[in-house]
Asks: 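Have a look at the structure that comes next, please.
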2 protein chains.
Amino acid sequence: MPAKEKQSIAIKAAEPAYLPQLTLDCIVLGFHQDQLRVLLLRWKGTQEWSLPGGPIQQSESVNAAAYRILKERTGLDQIYLQQFQVFGDLVRYNLPEIKTKLQHLINPELWYNRAVSIGYYALVEYSKVNPTPDLFTDECQWWEIKEIPNLLFDHNQIVEAALQALRQQINWQPIGLNLLPEQFTMPELQRLYEAILNRPLDPRNFHRKILSLNILERFPERRKGGAFKSPYLYRFNQEKYEAVLQEGNLSFL
Amino acid sequence: MPAKEKQSIAIKAAEPAYLPQLTLDCIVLGFHQDQLRVLLLRWKGTQEWSLPGGPIQQSESVNAAAYRILKERTGLDQIYLQQFQVFGDLVRYNLPEIKTKLQHLINPELWYNRAVSIGYYALVEYSKVNPTPDLFTDECQWWEIKEIPNLLFDHNQIVEAALQALRQQINWQPIGLNLLPEQFTMPELQRLYEAILNRPLDPRNFHRKILSLNILERFPERRKGGAFKSPYLYRFNQEKYEAVLQEGNLSFL
DNA sequence: TCAAAAGTGTTAACTTTACACCCATGT
DNA sequence: ACATGGGTGTAAAGTTAACACTTTTGA
């Protein structure tokens, strides 16, 4: 990278148009081929990966910053987003190591000694996402949750914390549906839950439980295509779903 | 207040020894005379109340800042503390109004246009607390949760959010015990739960449910003193309690 | 002896779990 | 015809909810 560009990126990151020493990290989760996946970015000129994220502008709320970042990285704007934890330890990762690894992109003097990060997880429909790198990265890609490499910063821990938070929440609220396309089959939904909870579920009990929430509508047609009995298609009833999310007083699975 | 002192307080608040534009608010909950209570501070020379809180030092983690503030306001250091939400809206309260109300304490020019606040709730044993005001306030007092006045900033909303978070958590974890003295009776514990959940509970079912957690030990003696049957005293078994907190896989009440 | 609050058990309703066979479809 | 995966019901176990009377104590 020419020195000029390096300089301008670095200045941008330090600009006082942002809240200093505060960042935001997003765990963007999708579901594809029976696997939970997370969106990661590869930093320019390196093989180093990290979560999408960044600073918060003075002129936007923290939630708006999360939506903005998600919009930039995925192209989507109607997204289920959940703030789940603040990472505020004094030493969250090996800063000298980061400075060295990224010195070709960011002037080492411009790093804060510490920053606090607000963690969000987002649930998105895999097929609608258009993964887009940011200024510092030149690749944005889905990774299977079980194959995530060593990430920069404390991002491995943040992913782990996000998954724990998600597993908690899924006990109370039918979050899983945000990860599926508009039409989906019961076995697909079940595999999604199995992926999130990381354990097998009984199909008969699962079926009964989900239907008892009364947030699904079954289509008359079935999905064709495999060498087996065609499954029914469902979609979820947005209104009833919202009502259930509001109340949040169901225990689930 | 003499101009000199005003100046020094103001400089302190703006000192770069703190993370800029980030603060922390603590909802300190206690239980006394069958009522949930919250610790509030009255600002010097005003009748205005707010939550304890403040900025985070560069040299301390966010959690450490919360413990520090709690220690300063209550004298306690072994406290159940739970980070529950970040308040990051662009406009969280009427800033010009705040500047005016507190201009005798803080130079209006020193306020940030916005700040993000990290909300913590703390559960403490009422009788052990020694309420202590901070630099800006001259009174620190318990208020019944149902009688909280209009607070400065967005603190009424923050209290409301804390209570909601607490009610959620109490479904999973036997939090209530943190609010009671070492020895307590079953009816006391029940009244605590009723205060948090804001609804009556059946004493027989409650008794059974709590005991089934296996975290309580009953003393042979009973508590004397009222014109009625003396209740048994209990304490909780720290080890088993910790184990239950860890797992967090019990649904409760 | 009376008033106040504590202690305690049973049943019905509901929820959760465990479990296995037949069906539809494409090759 | 067969391999693949989808759809479906029932019974037992466990959990939750509803409900009322007797006991102890101090005044």
Side-chain angles (χ1 to χ4, degrees), chain A residues 31 33-35 170-174 180-181 183-195 197 199-235 244 247-253, chain B residues 31 33-35 170-174 180 183-195 197-235 244 247-253:
Chain A
F31 185 66
Q33 290 178 336
D34 294 355
Q35 300 293 328
I170 210 175
N171 280 304
W172 294 91
Q173 298 189 326
L180 293 176
Q183 295 193 355
F184 53 89
T185 68
M186 198 56 78
E188 282 167 359
L189 184 56
Q190 182 178 338
R191 285 192 293 266
L192 168 56
Y193 272 79
E194 289 175 335
L197 296 171
R199 64 184 162 91
L201 301 171
D202 178 277
R204 285 161 294 188
N205 295 340
F206 181 80
H207 188 257
R208 190 170 338 122
K209 188 83 180 227
I210 293 283
L211 288 186
S212 75
L213 295 175
N214 273 318
I215 53 174
L216 291 193
E217 288 167 5
R218 192 167 86 172
F219 287 89
E221 324 85 56
R222 296 163 170 236
R223 169 171 298 163
K224 304 279 175 167
F228 45 78
K229 188 172 185 177
S230 350
Y232 286 103
L233 286 167
Y234 295 84
R235 71 168 166 204
V244 168
E247 300 178 16
N249 56 358
L250 66 156
S251 92
F252 192 59
L253 296 180
Chain B
F31 186 66
Q33 290 179 335
D34 294 356
Q35 301 293 327
I170 210 176
N171 280 305
W172 293 92
Q173 297 187 326
L180 293 176
Q183 295 192 357
F184 54 88
T185 68
M186 199 54 81
E188 282 166 359
L189 184 56
Q190 183 178 336
R191 286 192 293 266
L192 169 56
Y193 272 78
E194 289 175 336
L197 296 171
N198 202 21
R199 65 183 163 91
L201 301 170
D202 178 277
R204 286 160 291 188
N205 294 339
F206 182 79
H207 187 259
R208 189 168 341 117
K209 188 82 179 229
I210 294 283
L211 288 186
S212 75
L213 296 175
N214 273 318
I215 54 175
L216 292 193
E217 289 168 3
R218 192 167 87 173
F219 287 90
E221 325 85 56
R222 294 161 170 238
R223 168 171 299 162
K224 304 279 177 168
F228 45 78
K229 188 172 186 175
S230 347
Y232 286 102
L233 286 167
Y234 294 83
R235 69 167 168 206
V244 169
E247 299 178 14
N249 56 359
L250 67 157
S251 92
F252 191 59
L253 296 180

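Residue numbers start from 1 in every chain, and the chains themselves are labelled A, B, ... in the order their sequence lines are given, proteins ahead of strands.
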Asks: OP1, OP2 of C:dA24 versus side-chain N and O of A:Ser230: anything below 4.0 Å?
Replies: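 Negative; the distance criterion is not met.
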
Asks: Can you list everything that forms a salt bridge (Lys or Arg N to Asp or Glu O under 4.0 Å) with A:Glu217? Sequence neighbours excluded, please.
Replies: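 Salt bridge (Lys or Arg N to Asp or Glu O under 4.0 Å) list for A:Glu217, sorted by chain: A:Arg235.
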
Asks: Can you tell me if the side-chain N/O atoms of A:His207 get under 4.0 Å from OP1 or OP2 in D:dG7?
Replies: no

Asks: Whole angstrom is fine here: how far is it from NZ in A:Lys209 over to C1' in D:dG7?
Replies: 20 Å

Asks: Return the value, rounded to whole Å, for the distance between atom CE of B:Met186 and atom P of D:dT23.
Replies: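 After rounding, the gap between these two atoms is 21 Å.
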
Asks: Short question: side chain of B:Glu194, backbone of B:Leu201 - any donor-acceptor pair under 3.5 Å?
Replies: yes

Asks: Which nucleotide, C:dG7, D:dT8, D:dT25, lies nearest any side-chain atom of A:Pro203?
Replies: D:dT8

Asks: With the sugar-phosphate defined as primed atoms, P, OP1 and OP2, and the base as all remaining atoms, what B/S/- string results for nucleotides 9-14 of chain C, 5' to 3', for protein heavy atoms under 4.0 Å?
Replies: BB----

Asks: Let me know the distance between CZ of A:Arg223 and C1' of D:dT4, rounded to the nearest Å.
Replies: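 For the pair A:Arg223 CZ and D:dT4 C1', the rounded distance is 16 Å.
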
Asks: Rounded to whole Å, how long is the line connecting atom OH of B:Tyr232 with atom C1' of D:dT24?
Replies: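 For the pair B:Tyr232 OH and D:dT24 C1', the rounded distance is 11 Å.
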
Asks: Rounded off to whole Å, could you give me the CD-to-P distance for the A:Gln190 and D:dT8 pair?
Replies: 13 Å

Asks: State, to 0.1 Å, how close B:Phe219 and B:Gln183 come at their nearest heavy-atom pair, and which atoms those are.
Replies: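 Nearest heavy atoms, B:Phe219 then B:Gln183: CZ-NE2, 3.5 Å.
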
Asks: Where is the tightest heavy-atom contact between B:Pro174 and B:Leu213, given as atom of each residue plus distance?
Replies: CB-CD1, 4.0 Å

Asks: Could you check how far CZ of B:Phe206 sits from P of D:dA17, rounded to whole Å?
Replies: 14 Å

Asks: Tell me, do A:Pro187 and A:Arg191 make a side-chain contact under 4.5 Å, heavy atoms counted?
Replies: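 In contact.
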
Asks: With nearest nucleotides of DNA chain C determined for B:Pro231 and A:Phe228 from heavy-atom distances, which residue corresponds to the more 5′ nucleotide?
Replies: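 Its nucleotide being nearer the 5' end, the pick is B:Pro231.
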
Asks: Are B:Lys229 and C:dA4 close enough that a side-chain N or O sits under 4.0 Å from OP1 or OP2?
Replies: no

Asks: Return the value, rounded to whole Å, for the distance between atom CZ of A:Arg222 and atom C1' of D:dT8.
Replies: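 Going from CZ in A:Arg222 over to C1' in D:dT8 covers 11 Å.
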
Asks: Over all heavy atoms of both residues, which pair between B:Gln190 and B:Asp202 is shortest? Give the atoms and the distance, please.
Replies: NE2-C, 4.2 Å

Asks: If I compare all heavy atoms of B:Arg218 with all of B:Tyr232, which pair ends up nearest, and what's the gap?
Replies: NH1-CE1, 3.3 Å

Asks: Taking atom P of C:dA6 as reference, at what distance in whole Å does atom CZ of B:Arg218 sit?
Replies: 15 Å

